[in-house]
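Counting from 1, the numbers follow the sequence of the chain as shown.
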Amino acid sequence: MLGSALLAAQAAPALAADQAAAQPVCTRTSYLLGENLTFTRKDIVQYADEQNAPAAGAAGEEQQVIEFTADRLDYDSNADVVTATGNVLLVRADQSLVADSVTWDRKTGQVRANGGVQITDAEGNKLYGDSIELTESIRDGVIENILVVLEAGGRMVASRGTRTDGVITLENAAYSACLVETPTGKPKKPSWQLRAIKVVYNPADKRVRYDGARLELFGLPVIPMPGLSHPVGEGSGSGILVPDIRFSQANGVQLSLPYYISLAPNRDLTVTGSVFTEALPMVNATYRALTDRGAYQITGYATAGSRIPVGAGNVAPDSQNDFRGYFDATGRFQLDEAWSISGSIRAVTDRTFLRRYDVSREDRLRSTIEAERIGPNSYFSLAGWATQTLRVNDPQGQVPIALPVVDWRYRMPNQVAGGKVEFQLNTLAIGRTSGQDTQRAFAQARWDMRRLTGLGQEFTLTALARGDVYNSSDNALTNTLIYRGESGLRARASGSIAADMRWPFVGEAFGGTQVLSPRVQVVATPTTGNLELPNEDSRAIELEDSNLFSLNRLPGYDRMEEGVRVVYGVEWSLQRPGMQLNAVVGQSYRFDDERDFLPEGTGLGNRTSDVVGRLDLKLRNFIRYTHRFRLDKDNLAVRRNEVDVTVGGRQTYVQVGYLRLNRDIGPEIEDLQDREELRVAGRVRIARYWSIFGAGVFDLSDREEDPALQADGFQPIRTRLGVAYEDDCLELGVTWRRDYIPVGDAQRGDTFLLRVALRNLGF
């Protein structure tokens with residue numbers, strides 16, 4: 001096709017010369033070329049003017065090649081005008097133009113396109129208009145009734161626009177990242193748009209700049225934004241971000257204005273100033289950096305205000321407007337394929353700062369440092385951590401500082417006696433400023449062999465040998481007697497052997513496939529003298545389905561379950577189209593009864609343990625149900641009851657979580673107190689883009705469960721209710737939250753939050 005077009009072009013100059021000799025005046029020559037016949041700008045020059053310089057001209061024109069297709073081509077020799085009509089497509093390097101007709105005036109060098117004009121530039125941006133005037137390079141020009149669709153995202157419209165050296169300038173224009181058509185092709189108004197007297201887009205830095213801009217939401221002018229500019233697409237640039245507006249009981253009306261600074265493609269800084277009607281101003285900043293080895297982030301808050309001691313109701317008489325703030329730095333770096341280092345530093349000036357200024361609701365802040373090496377068969381960690389408590393009346397001097405914490409593990413690549421062998425070395429040093437200090441080190445070796453019998457039974461044998469060395473001081477400063485241990489240097493040698501048999505039976509049931517797996521385990525561990533050693537990491541003892549068949553069912557390393565026991569249970573699963581059901585239930589029996597360090601309420605205090613289990617149900621991604629329980633071995637009273645239910649999909653759902661711990665353990669062991677809590681959350685979609693959401697946390701404990709409580713069995717902790725709008729380019733929400741528990745100057749009361757997120761605006 002292209003070859004035939006070129007032959008026609010080469011014949012055109014001769015034909016034009018013959019006509020000129022026969023007629024002194026030539027008005028117009030027309031050719032019906034047919035669809036997809038292709039010419040270049042060089043061919044047009046040859047067709048219109050035989051006087052072009054042959055060598056130098058050809059070389060110069062080669063750099064300006066414009067290929068085009070059209071249904072019809074006309075040339076007016078008097079006016080020196082070339083006109084292409086019908087499905088015109090002009091292509092110049094990485095730019096193209098589509099129109100109903102294109103007229104090229106060779107005298108002025110102007111090109112005019114009319115009817116359904118579309119221009120695609122080198123960056124992939126598309127310009128649409130009714131008509132356009134261009135230079136003959138089709139790079140620059142003026143467009144009437146222009147629509148610009150940016151490749152990086154976003155649309156701009158204007159009554160008139162110009163493009164010069166790739167820079168697009170629009171007059172009386174609007175910008176939006178919203179779709180202007182429905183999925184069925186019907187026009188729709190954008191949720192938000194920026195209107196301005198002039199809009200300039202420079203593809204070199206992918207940034208849009210405005211003169212006299214204002215933000216409109218749903219067609220209503222909301223915020224004037226003088227001097228606004230923003231990046232488009234995935235890039236980032238410096239500028240003001242969306243303000244944060246909220247009201248709280250403690251601070252009054254709050255207005256926060258963030259300013260984003262792009263320091264480099266891999267580094268940025270966000271500085272936010274906040275003003276309050278009931279508190280002094282505050283400033284916070286976040287610095288982020290990505291390096292060739294990893295990433296880190298540093299955040300800081302600073303203000304001044306009167307501190308209220310936690311538990312007191314009024315400002316202390318000697319309180320001043322002291323400095324208040326928060327510092328948070330985290331990072332992780334991969335030094336090579338095996339070694340990495342990570343850490344965090346988190347500190348706050350007082351216990352109520354984070355809650356009062358709605359930064360976080362954590363009740364403790366942990367700072368850490370860790371170096372890790374992960375090899376094909378080994379693991380090494382050197383770590384340390386310190387914790388700042390934010391709990392009411394919790395003495396900081398009793399909070400441990402761990403440094404160093406060393407853990408090394410090695411798994412032999414080859415089997416020994418038909419099983420896998422793993423070695424472990426671990427050391428830990430814990431210090432307190434006004435409490436017990438403990439140092440611990442242990443070494444252990446573990447052997448596991450797994451076999452499948454001809455009847456399909458899964459049989460596992462395990463052997464463990466371990467030795468510990470402890471040193472502790474100031475043991476009397478630990479309030480709970482069974483946690484203290486004896487001061488000075490102590491040692492322990494221990495070991496365990498276990499046999500575990502699981503026998504799965506597979507078959508059809510209830511229209512699906514079921515697997516019924518009885519399981520039996522026998523574990524033997526000699527008496528080790530647990531109470532002689534300090535207990536730092538084995539305090540939260542609780543029998544549950546996740547540790548029922550563990551070799552040591554006590555958490556941590558400081559306590560080991562002694563004696564000979566048999567554990568029995570059954571696992572059941574059912575798979576049907578659209579349904580998954582998994583359940584497990586089990587119990588254990590120990591052959592001796594002397595366990596002073598295991599309170600009866602933990603489920604392990606007697607020879608026969610409590611019954612524990614779990615039920616998981618999933619129905620077509622619409623219902624997800626999980627139930628964990630522990631039943632008293634004597635009267636089947638519910639000692640632990642934990643339910644989590646989610647019903648619905650992403651747009652409309654309800655979540656309910658309930659937890660009750662009914663251990664009946666005395667108040668002398670603070671880690672194992674009874675609790676009862678209810679959590680609810682939900683979202684209801686009320687229209688295509690609108691939804692209502694809410695959540696609440698309620699303490700159902702009473703003084704029978706915890707004598708230290710003053711609640712009557714129903715105490716709201718925090719509730720939340722809001723309305724949200726979300727479409728393809730806008731997120732808008734108004735939230736009301738109420739806190740019911742005052743802590744110092746973090747008052748009980750209401751908080752209102754307005755959230756606006758404009759997608760693809762660089763915010």
Side-chain angles (χ1 to χ4, degrees), residues 121-125 148-156 165-170 173-178 192-194 196 198-215 223-245 255-275 281-302 325-334 344-345 359 728-731 755-763:
D121 63 16
E123 289 75 27
N125 305 311
V148 181
V149 179
L150 302 177
E151 173 66 18
R155 293 165 172 80
M156 298 185 293
D165 294 330
V167 178
I168 301 171
T169 303
L170 307 179
Y175 169 87
S176 180
C178 304
W192 66 265
Q193 60 181 342
L194 290 167
K198 184 170 73 171
V199 178
V200 178
Y201 171 66
N202 189 346
D205 58 6
K206 295 188 182 303
R207 195 166 190 86
V208 181
R209 295 173 173 83
Y210 301 83
D211 286 343
R214 68 179 186 273
L215 173 64
I223 304 174
M225 308 184 80
L228 175 68
S229 70
H230 65 81
V232 296
E234 298 180 356
S236 60
S238 303
I240 297 175
L241 305 184
V242 175
D244 181 17
I245 303 173
L255 174 62
S256 299
L257 188 63
Y259 189 86
Y260 177 82
I261 304 172
S262 180
L263 303 174
N266 64 325
R267 294 182 292 116
D268 60 33
L269 174 68
T270 302
V271 181
T272 303
S274 301
V275 293
M282 180 174 67
V283 63
N284 67 280
T286 298
Y287 175 81
R288 302 183 302 175
L290 178 66
T291 71
D292 57 350
R293 296 289 186 181
Y296 64 95
Q297 175 176 303
I298 301 173
T299 299
Y301 289 77
Y326 170 57
F327 181 81
D328 185 351
T330 59
R332 182 176 180 86
F333 302 92
Q334 193 72 37
S344 65
I345 301 175
V359 178
D728 60 287
C729 63
L730 172 66
E731 291 183 17
R755 179 177 180 272
V756 179
L758 308 178
R759 296 181 183 174
N760 209 11
L761 193 56
F763 290 168

Apply side-chain contact (heavy atoms from CB on, under 4.5 Å) to [X] and list each qualifying residue two or more places apart in sequence or on a separate chain.
X      : value
Thr272 : Ser256, Pro258, Thr270, Ser274, Asn284
Thr291 : Arg293, Tyr296, Phe333
Asp211 : Lys198
Ser344 : Thr330, Thr368

Nearest 0.5 Å, what's the [atom1]-[atom2] distance between [X] and [Y]?
X      : Y      : atom1 : atom2 : result
Ile245 : Arg755 : CD1   : CZ    : 14.0 Å
Phe327 : Ile345 : CZ    : CD1   : 5.5 Å
Trp192 : Leu758 : CH2   : CG    : 5.5 Å
Tyr175 : Tyr201 : OH    : OH    : 9.0 Å

Exercise for review: Can you spot which of Val271, Thr299, Leu269 makes a side chain to side chain contact (heavy atoms under 4.5 Å, CB included) with Thr286?
Suggested key: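 Looking at Val271, Thr299, Leu269, the match for Thr286 under the side chain to side chain contact (heavy atoms under 4.5 Å, CB included) is Thr299.
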Minimum heavy-atom separation for [X] to [Y], with atom names?
X      : Y      : result
Ala213 : Ala196 : CA-CB, 4.0 Å
Val200 : Val167 : CG1-CG1, 3.7 Å
Met282 : Ala302 : CG-O, 3.2 Å

Check your understanding: In this structure, are over 12 heavy atoms from other groups packed under 6.0 Å from Arg288 atom CZ?
Key ->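 Count not over threshold, so no.
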Exercise for review: Using the side chain to side chain contact (heavy atoms under 4.5 Å, CB included) rule, take Leu263 and Asp268 through it: C-alpha gap first, then chi angles, then the decisive distance, then the call.
Suggested key: CA-CA 5 Å; Leu263 303 174; Asp268 60 33; 5.6 Å; no
**Study point:** By salt bridge (Lys or Arg N to Asp or Glu O under 4.0 Å) - contacts of Arg155 (at least two apart)
**Key:**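 Arg155 satisfies salt bridge (Lys or Arg N to Asp or Glu O under 4.0 Å) with no other residue.
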Review point. Can you name the salt bridge (Lys or Arg N to Asp or Glu O under 4.0 Å) partners of Arg267, sequence neighbours left out?
Key: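 Residues passing salt bridge (Lys or Arg N to Asp or Glu O under 4.0 Å) with Arg267: none at all.
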